[in-house]
Structure formats: structure tokens, C-alpha cells
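In what follows, every heavy atom counts, from backbone to side chain, and hydrogens, waters and symmetry copies are set aside.
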Amino acid sequence: MRVNLTVNGRSQQADDVWEGESLLYVLRERLGLPGSKNACEQGECGSCTVRLDGVPVCACLVAAGQAEGRDVVTVEGLATGGDDSTELSTVQQAFTDAGAVQCGFCTPGLLVAADDLIKHNPDPSDADIREALSGNLCRCTGYETILDAVRLAAARAGEAG
């Protein structure tokens with residue numbers, strides 16, 4: 001089957017998609033966007049989190065056909081200029097500055113979740129941050145630097161207006 005969708009603001013088309021193929025597979029293997037990670041394939045770790053029509057979802061749990069005609073934003077799409085940009089978004093830069101990136105496997109999902117949180121709640125409490133990131137597992141950082149990064153991103157976003 002053919003799947004037509006908008007990814008990071010661009011119309012995309014994936015051909016010969018198998019009925020059971022996940023959105024994650026289509027993004028990584030068919031559309032060449034490897035940012036979303038394939039870790040658990042069960043929706044437990046959050047490494048593959050993307051926004052589907054503005055809602056964070058685990059791309060490993062979404063059948064590719066369910067994305068037909070819909071809008072997807074991946075971690076690559078968070079960059080200021082989109083997929084091809086090297087200019088990081090506020091959230092991406094804050095994660096770098098706070099040292100919240102270690103092995104990097106969980107980072108794409110955390111970035112998408114944190115970006116979504118700040119879009120909907122520009123001044124999140126620690127409880128808000130923990131709730132927003134609760135679907136994302138990290139085995140390296142102990143989470144404190146991740147919380148620092150989200151706080152920093154929210155503060156910078158607030159300063160930018």
C-alpha cells in the first residue's frame with residue numbers, strides 16, 4: 001500500500017508499505033529519518049515518540065496506514081529550520097547545555113515530549129515535567145540533568161516570548 005503523510009512540514013509518500021508496518025519503520029527505513037529510535041517495540045520506553053497531529057505517540061505502536069493524510073513531527077522536525085537545519089531548537093539546545101544527553105538513545109523521545117510540554121505549559125512545575133516525561137525511560141542520566149534541561153528550555157522559551 002502507499003502511505004501519504006506530512007512529515008516535519010513536508011509532504012511525503014511511502015510505497016510498498018506492508019499492512020503491519022509501523023510508523024516508526026516507515027520514518028526510519030523508508031523516509032530516511034533515523035532520529036526516532038527503535039528500542040522496545042512495545043511502547044514502553046518512549047524512544048520513538050513523535051507527534052501525530054500534535055499529540056505525542058509511540059511511533060512503534062502506530063500502524064503506518066493510520067498515518068495516512070496526517071501530520072507527523074519527529075525529533076528532526078524540532079530543529080529551527082526543519083530536517084535539514086543544523087540550528088537546534090530551544091529544547092534541543094537546552095538538553096545539550098544541561099548535559100542531559102549521554103548515550104542518546106532516549107533523547108529523541110524525551111525531546112519531543114519536552115517540546116510538547118513547553119508548547120502547552122510554558123512554565124511547568126517539576127511535577128508537570130515528571131508527568132510529561134513519564135513515558136520515557138533513560139538508563140544513563142538518573143533524570144536530574146533531564147529535568148534541568150526541561151527547566152532551562154522552559155525558561156529560555158519564556159524569555160524569547
(request) Keeping to residues at least two apart or across chains, list the salt bridge (charged side-chain N to carboxylate O under 4.0 Å, His left out) pairs with something in residues 133-143. (result) none
(request) Quick one: pull up NZ in Lys37 and SG in Cys106 and give me the separation to the nearest 0.5 Å. (result) 11.0 Å
(message) Contact between Val75 and Gln92 at the side-chain level, heavy atoms closer than 4.5 Å - yes or no?
(response) yes
(request) Name all residues meeting the side chain to side chain contact (heavy atoms under 4.5 Å, CB included) criterion together with Ser125; count only those two or more places apart in sequence or in a different chain, and write none if there are none. (result) Ala127, Asp128
(message) Membership question, hydrophobic clusters at under 4.5 Å side-chain separation (ILVMFWY): are Leu147 and Val91 in the same one?
(response) yes
(message) I'd like to check the side chain to side chain donor-acceptor pair (under 3.5 Å) partners of Gln13; sequence neighbours left out, ordered by chain and number.
(response) Asp15
(message) If I compare all heavy atoms of Thr90 with all of Ala157, which pair ends up nearest, and what's the gap?
(response) CG2-N, 4.0 Å
(message) Give me each pair satisfying salt bridge (charged side-chain N to carboxylate O under 4.0 Å, His left out) with a member in residues 56-65, each pair once, sequence neighbours excluded.
(response) none
(request) Please test Glu21 against Arg30 for side chain to side chain contact (heavy atoms under 4.5 Å, CB included), starting from the C-alpha separation and ending with a verdict. (result) CA-CA 11 Å; Glu21 208 165 288; Arg30 296 189 183 277; 2.5 Å; yes
(request) With sequence neighbours excluded, give me every salt bridge (charged side-chain N to carboxylate O under 4.0 Å, His left out) pair touching residues 38-59. (result) Arg51-Asp115, Asp53-Arg70
(message) Restricting to non-hydrogen atoms, name the atom on Asp116 and the atom on Gly54 that form the minimum distance, rounded to 0.1 Å.
(response) OD1-O, 3.6 Å
(request) Determine, for Arg2 against Glu68, whether the closest basic-nitrogen to carboxylate-oxygen distance falls under 4.0 angstrom. (result) no
(message) What verdict does the side chain to side chain contact (heavy atoms under 4.5 Å, CB included) test give for Leu137 and Tyr143, after you've listed the backbone C-alpha separation in whole Å, the side-chain angles of each residue and the deciding distance to 0.1 Å?
(response) CA-CA 9 Å; Leu137 299 177; Tyr143 296 99; 4.1 Å; yes
(request) Ignoring hydrogens and angles, tell me if any N or O in the side chain of Gln102 forms a donor-acceptor pair with the backbone of Cys138 under 3.5 Å. (result) no
(message) Under a plain distance cut-off of 3.5 Å, with no hydrogens placed, do Asn38 and Ser47 share a side-chain donor-acceptor pair?
(response) no
(message) side chain to side chain contact (heavy atoms under 4.5 Å, CB included), that's the test. Do Val50 and Val7 meet it? Break it down for me.
(response) CA-CA 10 Å; Val50 298; Val7 181; over 6 Å; no
(message) Looking at every heavy atom in both Thr49 and Ser36, which two are closest together, and how far apart are they?
(response) O-OG, 4.3 Å
(request) Test side chain to side chain contact (heavy atoms under 4.5 Å, CB included) on Thr74 and Val72 and set out the steps. (result) CA-CA 6 Å; Thr74 69; Val72 177; 4.1 Å; yes
(request) Could you pull out the closest heavy-atom pair between Val26 and Ala64, with the gap in Å? (result) CG2-CB, 3.5 Å
(message) Assigning hydrophobic clusters by single linkage (Ile, Leu, Val, Met, Phe, Trp, Tyr; side-chain heavy-atom cutoff under 4.5 Å), is Val101 placed with Leu117?
(response) yes
(message) Count I, L, V, M, F, W, Y as connected when their side-chain heavy atoms are under 4.5 Å apart, and connections chain through other members. Are Tyr25 and Phe105 then in the same cluster?
(response) no
(request) Indicate yes or no: at least one non-hydrogen side-chain atom of Thr96 is less than 4.5 angstrom from one of Leu88. (result) yes
(request) Using the test salt bridge (charged side-chain N to carboxylate O under 4.0 Å, His left out), find all partners of Asp126 that sit at least two apart in sequence or belong to another chain. (result) Arg151
(message) Hydrophobic clustering (ILVMFWY, side-chain heavy atoms < 4.5 Å, transitive) - are Leu61 and Leu27 grouped together?
(response) no
(request) Report the residues that fulfil salt bridge (charged side-chain N to carboxylate O under 4.0 Å, His left out) with Asp97, sequence neighbours left out, ordered by chain and then residue number. (result) Arg156
(request) Kindly indicate whether the side chain of Val73, heavy atoms from C-beta on, has any atom under 4.5 Å from the side chain of Leu78. (result) yes
(request) Report the residues that fulfil side chain to side chain contact (heavy atoms under 4.5 Å, CB included) with Ala113, sequence neighbours left out, ordered by chain and then residue number. (result) Leu133, Asn136
(request) Please list, chain by chain and in numerical order, all residues satisfying side chain to side chain contact (heavy atoms under 4.5 Å, CB included) with Ala100, sequence neighbours excluded. (result) Phe95, Thr145, Ile146, Ala149
(request) Work out which heavy atom in Ala67 is nearest to a heavy atom in Leu23; give both atom names and the distance. (result) CB-CD1, 3.9 Å
(message) Count I, L, V, M, F, W, Y as connected when their side-chain heavy atoms are under 4.5 Å apart, and connections chain through other members. Are Val17 and Leu24 then in the same cluster?
(response) no
(request) Taking all heavy atoms of Cys48 and all of Cys60, pick out the closest pair and write down the distance. (result) SG-N, 3.3 Å
(request) Just jot down the side chain to side chain contact (heavy atoms under 4.5 Å, CB included) partners of Pro34, sequence neighbours excluded, or say none. (result) Arg28, Glu76
